[in-house]
Amino acid sequence: GGGGKGIRMSDNVEELRTNFVQVSNEVPGSPMFMMQLCKEARHLEVQIVGDAHGNAVALNGRDCSTQRRFQKIFEEGPPIIASK
């Protein structure tokens, strides 16, 4: 769902069981994905425009890593953390 809906972190099997039930109730009928947590990862976004001939160009990028409860607080551009 957007805005972090359904996102949970589980440290053990019991938390996983509890979180699975909670998420199933929050997003009924939606597919669910389980992922390994990447600590200290950055959330970078890039705008790309392409045409029907296979031409594409990256217009700009931004760092959206500053978040609270899985919602972006602000976007910083250009993303200075990433090299070209």
Side-chain angles (χ1 to χ4, degrees):
K5 192 176 204 179
I7 296 177
R8 299 287 189 284
M9 183 177 80
S10 304
D11 286 323
N12 56 54
V13 173
E14 190 54 42
E15 285 182 4
L16 177 61
R17 287 186 178 123
T18 301
N19 289 337
F20 184 87
V21 172
Q22 288 177 350
V23 171
S24 297
N25 291 328
E26 278 183 30
V27 289
S30 294
M32 292 173 49
F33 302 93
M34 186 181 305
M35 298 180 228
Q36 181 177 353
L37 177 64
C38 298
K39 293 184 178 182
E40 299 186 35
R42 304 296 295 195
H43 175 167
L44 304 179
E45 296 181 357
V46 178
Q47 300 293 320
I48 299 174
V49 174
D51 63 19
H53 306 288
N55 301 307
V57 62
L59 299 177
N60 59 16
R62 58 190 179 269
D63 187 342
C64 305
S65 298
T66 305
Q67 299 188 12
R68 179 178 49 224
R69 294 191 308 265
F70 310 108
Q71 291 279 17
K72 286 184 275 190
I73 302 299
F74 63 87
E75 298 176 353
E76 177 185 8
I80 58 176
I81 192 79
S83 61
K84 291 187 176 197

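The basis for the numbers below is simple: all heavy atoms, side chains too, and nothing from hydrogens, waters or symmetry mates.
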CD1/I7 to CD/E26 distance, rounded to the nearest 0.5 angstrom? 10.0 Å
Quick one: do M9 and E15 satisfy side chain to side chain contact (heavy atoms under 4.5 Å, CB included)? Show the steps, please. CA-CA 8 Å; M9 183 177 80; E15 285 182 4; over 6 Å; no
Side chains of F20 and M34: does their closest heavy-atom pair fall under 4.5 Å? no
Provide the closest heavy-atom pair for S10 versus L16 in the form atom of the first, atom of the second, distance. OG-CA, 3.4 Å
Under 3.5 Å, is there a donor-acceptor pair between the side chain of D51 and the main chain of G54? yes
